Visitor: 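This structure is in structure tokens; I'll ask about it shortly.
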Amino acid sequence: MPELAEVDYFRKRWNPGLGETVVDVEVHPEARIFRETDPAALKRHLTGRRLLRSAAAAKQMLFESEADGWLGIHLGMTGELSLQPADYAPRRADHLVLRQSRHTLVFSDPRMFGQVRFTRGGTAPEWWTRIPPALTSDAFGLAELTAFLQQRRRAPIKAVLLMQERFPGIGNWMADEILWRAAIHPRQPAGSLSAAEQRTLHREVRWVCRRALETIGETFDDPPRSWLFPHRWRDGGVCPRTRTPLSRDTIGGRTTCWSPARQRLRR
DNA sequence: TCCTATGTTGTATG
DNA sequence: ACATACAACATAGG
């Protein structure tokens, strides 16, 4: 399930393990999860050292361990982090298990679209520092949005919002939520938005990111009924603003939900 | 059995 | 070279 706010929520689940020593590491070394990372090197470094800090950006998480070790985790489609008792028995989808005296920190991912990386260095790895600035920061201005919409002018706006190079952390449900609030049809070509729509889109990108982090990012509660989110998946869903039926179709390769009464396709 | 899934990447095509 | 579209990845659940 993880997009921006869910990722930050899962990151915090390991908070009780920060400052604590990792006494053992169990890995599924053959798991696709590790990609180009050597799980043996990861295990060798983390064992006997403390986890110090963590941070989330976009859909990525970074955990710093003592002596210049950097553990990166991406949750893919079905990944999650959990905090388990010290005597926890790992299950099939638990690909990385960090043992501490009082807790077990677990990364699980049944579909294995996620990724675990481990690197050494005095500073954070390049894949991390290359992540664009947060959409909630001042670095994401209207000018940046407008330029990108022009660059991707022929693609449907829904597909454009999913491009991580400009919208770090936005995923399928957040993109739909943003467009619903902005009253823009998901199939509208990115380059066809009016100046007013671009301003609205900029505002709603930031609003949805900020509010999602404040709610889901803290408690993992579903967003309130006033959002599109709780209505979007089930058949027969009704728009919470217009009380008219929602539509669903595949746009940009992903199932997309919108309110036809609010979001009109223009040409 | 068939369809779906809150993500990314490689490849084909224009 | 660049933009766009889509299959593929691997598994579980309805």
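The structure presented is a predicted model; accordingly, all values stated were derived computationally and were not measured. Values reported hereafter were calculated over all heavy atoms of this structure, with side chains retained and with hydrogens, waters and symmetry mates removed. Letters A, B, ... are given to chains in the order of the sequence lines, protein chains preceding strands, and every chain is numbered from 1.
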Visitor: Do the rings of Trp227(A) and Trp207(A) sit parallel, tilted or perpendicular, given the 30° and 60° boundaries?
Guide: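 Aromatic pair Trp227(A)/Trp207(A) classed tilted.
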Visitor: Mind checking salt bridge (charged side-chain N to carboxylate O under 4.0 Å, His left out) for Arg13(A) and listing every partner two or more places apart, or none if nothing turns up?
Guide: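 Arg13(A) satisfies salt bridge (charged side-chain N to carboxylate O under 4.0 Å, His left out) with Glu80(A) once adjacent residues are dropped.
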Visitor: Would you kindly give the CD-to-P distance between Glu80(A) and dT6(B), to the nearest whole Å?
Guide: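 Answer to the nearest Å: 16 Å.
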Visitor: Can you confirm whether the side chains of Gln263(A) and Ser259(A) place a donor and an acceptor under 3.5 Å from each other?
Guide: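 Gln263(A) vs Ser259(A): no donor-acceptor pair found between side chains.
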Visitor: Could you check how far CG of Leu4(A) sits from C1' of dT6(B), rounded to whole Å?
Guide: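 It works out to 12 Å between those atoms.
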Visitor: Can you see whether Trp14(A) engages Glu20(A) through a side-chain donor-acceptor pair at a distance of less than 3.5 angstrom?
Guide: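 The answer is no; no qualifying pair exists.
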Visitor: Give every pair of a protein N or O atom and an N or O atom of nucleotides 11-14 of chain C that lie under 3.5 Å apart, one pair per line with the distance.
Guide:
{"unit_1": "dA12(C)", "atom_1": "OP1", "unit_2": "Arg92(A)", "atom_2": "NE", "d": "3.2"}

Visitor: Would you say Arg91(A) has more than 12 foreign heavy atoms packed within less than 6.0 Å of its CZ?
Guide: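 No, because the 6.0 Å sphere around CZ of Arg91(A) holds 12 heavy atoms or fewer from other groups.
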Visitor: For the backbone of Arg187(A) and the side chain of His185(A), can you confirm whether one donor and one acceptor N or O come within less than 3.5 Å of each other?
Guide: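 Pair found, side chain donor or acceptor close to backbone of Arg187(A).
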Visitor: Taking atom types as modelled, find out whether Ser54(A) and Arg11(A) have a side-chain donor-acceptor pair closer than 3.5 angstrom.
Guide: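 Checked: Ser54(A)/Arg11(A) side chains pair up, N/O donor to acceptor below 3.5 Å.
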Visitor: Name all pairs fulfilling the salt bridge (charged side-chain N to carboxylate O under 4.0 Å, His left out) condition that reach into residues 104-115 of chain A, sequence neighbours left out, sorted by first residue then second.
Guide: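 Matches after skipping sequence neighbours: none remain.
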Visitor: Apart from Trp128(A) itself, what residues make up its hydrophobic cluster, given side-chain heavy atom links below 4.5 Å?
Guide: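 Leu62(A), Trp70(A), Trp127(A), Ile131(A), all in the cluster of Trp128(A).
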Visitor: Nearest whole angstrom, please: distance from the C1' of dG7(B) to the CD of Glu165(A).
Guide: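 After rounding, the gap between these two atoms is 15 Å.
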Visitor: In B/S/- notation, 5' to 3', how is nucleotides 8-14 of chain B contacted by protein heavy atoms closer than 4.0 Å?
Guide: B------
Visitor: Give every pair of a protein N or O atom and an N or O atom of nucleotides 1-4 of chain B that lie under 3.5 Å apart, one pair per line with the distance.
Guide:
none

Visitor: Taking atom P of dG7(B) as reference, at what distance in whole Å does atom CG of Leu75(A) sit?
Guide: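 My rounded result for the distance is 11 Å.
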Visitor: Are any protein N/O atoms closer than 3.5 Å to N/O atoms in nucleotides 6-8 of chain C? If there are, list each pair with its distance.
Guide:
none

Visitor: Counting only heavy atoms from other residues, nucleotides and ligands, does the tally under 6.0 Å from CZ of Arg264(A) exceed 12?
Guide: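 12 or below, so no.
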Visitor: Linking Ile, Leu, Val, Met, Phe, Trp and Tyr through side-chain heavy atoms less than 4.5 Å apart, which residues share a cluster with Trp233(A)?
Guide: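 None; Trp233(A) is a cluster of one.
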Visitor: When you look at Ser65(A) and His45(A), which way does the side chain to side chain donor-acceptor pair (under 3.5 Å) test go after all the steps?
Guide: CA-CA 9 Å; Ser65(A) 102; His45(A) 182 94; 3.2 Å; yes
Visitor: Rounding to the closest angstrom, what is the interatomic distance between dA7(C) and dC3(B) at atom P?
Guide: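 Straight-line distance between the two P atoms is 14 Å.
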Visitor: So with a 6.0 Å cut-off around CZ of Arg154(A), is the heavy-atom count from everything else above 12?
Guide: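 Open.
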Visitor: Which residue pairs satisfy the side chain to side chain donor-acceptor pair (under 3.5 Å) criterion with at least one member in residues 130-140 of chain A, sequence neighbours excluded?
Guide: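 Sorted result for residues 130-140 of chain A: Glu126(A)-Arg130(A).
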Visitor: Using heavy atoms and a sub-4.0 Å distance, could you list which residues of residues 143-158 of chain A are near DNA chain C? By number, please.
Guide: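 Per residue number, the list reads Gln151(A), Arg152(A), Arg153(A), Arg154(A), Ala155(A), Pro156(A).
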Visitor: State, yes or no, whether a side-chain contact exists between Leu52(A) and Glu66(A) at a heavy-atom distance under 4.5 Å.
Guide: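 Yes; the side chains approach each other to less than 4.5 Å.
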Visitor: What's the CD-P distance between Glu6(A) and dA5(B), to the nearest Å?
Guide: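 These atoms are roughly 16 Å apart.
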Visitor: Using the P atom in both, what is the distance from dA10(C) to dT11(B), to the nearest Å?
Guide: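 Nearest-Å result for dA10(C) against dT11(B) at atom P: 15 Å.
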Visitor: Could you provide the dot-bracket string of DNA chain C, using ( ) for intrastrand pairs, [ ] for crossing pairs and | for bases paired to another strand, with Watson-Crick or G-U pairs below 3.5 Å?
Guide: .||||||||.||||
Visitor: Could you tell me how far apart His28(A) (NE2) and dA10(C) (C1') are, to the nearest whole angstrom?
Guide: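 Spelled out: NE2 on His28(A) to C1' on dA10(C) is 15 Å.
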Visitor: In Å and rounded to the nearest 0.5 Å, what is the CD1 to CE distance from Ile170(A) to Met174(A)?
Guide: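 If I round to the nearest 0.5 Å, the distance is 4.0 Å.
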Visitor: Partners of Lys59(A) by salt bridge (charged side-chain N to carboxylate O under 4.0 Å, His left out), sequence neighbours excluded?
Guide: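 Scan of Lys59(A) (salt bridge (charged side-chain N to carboxylate O under 4.0 Å, His left out), adjacent residues dropped) gives none.
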Visitor: Counting C-beta onward and ignoring hydrogens, is there a side-chain heavy-atom pair between Val205(A) and Leu161(A) closer than 4.5 Å?
Guide: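 Yes, close enough: below the 4.5 Å cut-off.
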